Amino acid sequence: MTAAITLCADPAQYAAAAAEWSPGRPFPVLPGPALDRYRSLFPDGPLPAVTADPRAGVVVSVGDRASAAARLLAVATGREHLQIEPEHLLKELAGHPGALVAVVGLAADLTAAGDWAGASGASVGVLATRDLSSLACLVYRSLTVDAVGEDRMFVASHPMLEESELADADGLDGLGVLRERRLKVVVLRALGKECCVGFPDGIVCGRSDRIDEPLPELPPEYRHMPCMLGEGCHRSDLDEDQRLPAAEIHATVVFTHSCSSVAVGNNVYPSHIALGLGLLEGTAVAVVGAMGVHIVQRSSQGDFEAALAERLPLGRVVERLGERARPINGWLNRFGLLGDPGLVLPWPEATGLRGTGRTASATDIDHEALRRLADLGNTVLPRLERLTWLEPVVDGAAVEGLRAEVRTLAEDLHDPGLPDAVAALESAVAEFQLDATARIAQSIYVSGWNYGGPALDGLREVSQLPARCPECDRDSAAVVTMRHLVHGLLTVQTLQCRRCGDIWWTSEAGDPTVRLTGPVDVAARRGTVPHLPRRIHNGTGTVLRGGIGFAFAMRKFLGLPPETSAAVTVAPGNTADWTAEIDLVGHHPRPDVHTGVFVAVLNGVYLASASMMRLT
């Protein structure tokens with residue numbers, strides 16, 4: 001049997017073998033710890049052979065030392081190979097906008113380039129290691145990506161982060177499986193920086209050597225951790241056995257949610273302690289990780305999994321993460337790729353990484369139920385989460401509970417009971433919105449009304465457009481749009497008239513598709529039951545569900561009747577009318593202009609419409 005690899009004695013032999021290699025021949029590698037770790041995954045058999053694997057894009061090597069490894073990657077994947085000196089890298093990459101560029105280099109040469117390769121605007125993945133033997137093995141692993149490993153996703157989360165209760169492990173003591181078996185994807189959601197990710201009981205450390213081993217002399221401009229000064233780990237509460245070197249983690253791809261876990265070229269700590277490089281000295285072929293200061297965005301995990309399920313190349317997976325994060329807090333949710341951007345991670349079609357093990361196909365998914373579930377998860381619940389910023393009486397814990405139900409249903413989209421479960425969840429969301437409406441109306445009746453409540457201090461006007469007032473029919477109004485300084489998706493719009501005052505408010509951004517209309521000024525006489533009407537307009541393509549209510553502002557102690565509310569459903573493109581009946585027979589308020597407010601929460605949109613009742 002022909003050997004799968006050629007073990008080269010030194011860099012010169014490796015370069016010579018790489019220059020002559022073609023698919024079908026033994027693949028050149030260099031001996032070292034990285035190859036030993038990979039070999040440990042094949043205790044009962046030979047190492048896998050490299051076969052031709054066409055991938056999109058181009059391969060760029062940085063400096064002379066990486067050119068042999070880059071040439072091997074390019075030949076095996078049918079891509080062009082360009083060799084660039086570090087000082088010219090960013091300029092060269094700027095000439096490849098939109099292309100998938102695999103940048104291959106040693107960490108020291110990439111540091112000399114002066115910045116992260118992706119700063120050029122190209123869609124890059126960086127295959128970088130601290131030494132040539134590790135780089136040779138990384139390229140080899142990238143070309144034999146599906147040779148070994150379990151089709152499973154493992155999530156480790158710091159217990160203080162959201163949804164940690166859903167993770168496979170919430171501390172270092174739960175990571176033992178990662179030292180024993182290679183899993184398809186390992187997700188690390190923890191607190192960290194360039195050198196590590198931390199859990200309460202330990203850290204995953206970027207160093208592959210012992211903490212007390214001497215380090216080479218390092219330039220003073222780097223940030224120096226205590227271990228670099230012979231002072232041990234910065235986590236003085238830990239023993240050495242509570243430090244897990246990243247290189248000892250077995251995984252095909254690692255997805256990290258911790259600050260600066262990908263920092264090559266723009267590293268402020270020495271590469272010797274870099275977490276991302278440590279992971280690539282293990283058995284991983286790629287690290288998708290946060291760049292710079294990172295705020296964990298709950299949706300990123302779902303975006304990551306969805307992109308992999310679509311069989312996108314890793315470079316496009318990272319692009320999608322950036323596109324989805326940019327409208328919220330893009331700078332604080334930047335991701336980079338260490339690994340080949342042209343690599344498509346093999347993804348089990350039958351079960352998925354979190355699958356139940358039963359065979360299923362896309363044809364047995366109820367796509368209408370899936371659409372409705374997606375609308376709840378992607379539209380309605382995010383709006384309700386923003387509502388908790390505007391109204392303190394809204395139960396935020398209940399919103400999280402509904403979000404958890406969406407996640408639970410999404411775990412098995414082939415479940416034949418999915419349509420019924422989605423219908424039940426829609427009813428629960430509608431009931432929650434009715435309850436929220438009733439709470440808001442009661443608060444208005446007792447304490448008064450301020451649309452936006454606790455969020456008002458953070459709202460800033462971003463536009464003011466002239467408008468005609470529907471009440472007085474004058475060109476004396478304006479649509480004012482405000483956006484929150486902290487919550488980038490929290491937008492409030494209101495129509496204000498210089499004569500009539502408040503007309504309407506909405507939490508919907510852009511041209512409102514859900515509207516609440518009706519007269520502002522109404523006349524009423526004591527001893528009667530006046531009817532105050534409102535019309536709900538559904539300009540969306542989905543059914544509106546929720547609640548509508550009315551209350552007189554801060555009139556509990558002035559003899560006006562209490563708040564009222566009701567459930568409401570409006571078909572797509574239709575309208576629905578609702579009337580607040582004001583009992584002025586059993587209640588005897590004094591004549592006055594009494595301010596009232598209609599409120600509605602419909603598919604997560606929070607609407608308000610003012611009413612001025614002239615009582616005689």
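What you see below is based on every heavy atom in this structure, not just the backbone, and it leaves out hydrogens, waters and symmetry mates. What you see is a predicted model; the values in this text were computed from it and never measured.
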Any residue meeting side chain to side chain contact (heavy atoms under 4.5 Å, CB included) with A99, in chain and number order, not counting sequence neighbours: H96, V101
T542 backbone acceptor or donor facing T540 side chain under 3.5 Å: yes
L489 side, atom CG; R386 side, atom CZ - distance, nearest 0.5 Å: 5.5 Å
Non-neighbouring partners of H484 that pass ring-ring contact (aromatic ring centres under 6.0 Å, His included), sequence neighbours left out: W389
Sequence-distant partners of F304, ring-ring contact (aromatic ring centres under 6.0 Å, His included), two or more places apart: F255
T437 side chain vs G547 backbone, donor-acceptor pair below 3.5 Å: yes
Residue pairs fulfilling salt bridge (Lys or Arg N to Asp or Glu O under 4.0 Å) with at least one residue in residues 604-616, sequence neighbours excluded: D521-R614
CG on D502 to OG on S611, rounded to 0.5 Å: 11.5 Å
For Q464, all residues meeting side chain to side chain contact (heavy atoms under 4.5 Å, CB included), sequence neighbours excluded: E461, A478, V480
Worked check of side-chain contact (heavy atoms from CB on, under 4.5 Å) between L402 and V380: CA-CA 11 Å; L402 294 170; V380 177; over 6 Å; no
Residues in side chain to side chain donor-acceptor pair (under 3.5 Å) contact with R534, at least two apart in sequence or another chain: S609
Euclidean distance, E400 CD relative to L381 CG, rounded to 0.5 Å: 9.0 Å
Qualifying salt bridge (Lys or Arg N to Asp or Glu O under 4.0 Å) pairs with a residue from residues 574-601, counting only residues at least two apart or across chains: R535-D577
Worked verdict on N603 versus T379 for side-chain contact (heavy atoms from CB on, under 4.5 Å): CA-CA 8 Å; N603 287 17; T379 302; over 6 Å; no
Sidechain-backbone polar pair: S427 side chain, A423 backbone, donor-acceptor under 3.5 Å: yes
Over 12 foreign heavy atoms within 6.0 Å of CD, E310: yes
Qualifying residue for side-chain contact (heavy atoms from CB on, under 4.5 Å) with H257, from V187, V197, L161, V155: V187
H158 and F199 aromatic ring geometry - parallel, tilted or perpendicular at 30°/60° bounds: parallel
M612, CE: over 12 other non-hydrogen atoms inside 6.0 angstrom: yes
Straight-line distance of I548 CD1 to T564 OG1, nearest 0.5 Å: 10.0 Å
Side-chain donor/acceptor of S507 to backbone N/O of Y606, under 3.5 Å: yes
Side chain to side chain donor-acceptor pair (under 3.5 Å) contacts touching residues 440-450 (sequence neighbours left out): none
Contact list for residues 520-542, test ring pair (Phe, Tyr, Trp, His ring centres under 6.0 Å), sequence neighbours left out: none
Pairs satisfying salt bridge (Lys or Arg N to Asp or Glu O under 4.0 Å), at least one member in residues 474-484, at least two apart: R468-D475
Contacts of type salt bridge (charged side-chain N to carboxylate O under 4.0 Å, His left out), residue R316, not counting sequence neighbours: E319
Heavy-atom donor-acceptor pair, N538 side chain to A571 backbone, under 3.5 Å: yes
Residues that R371 engages under salt bridge (charged side-chain N to carboxylate O under 4.0 Å, His left out), provided they are two or more places apart: E368
Intermediate values then yes/no, salt bridge (Lys or Arg N to Asp or Glu O under 4.0 Å), E391 and R439: CA-CA 9 Å; E391 282 291 346; R439 288 171 180 259; over 6 Å; no
Distance, nearest 0.5 Å, that separates CZ of R383 from CG of L390: 13.0 Å
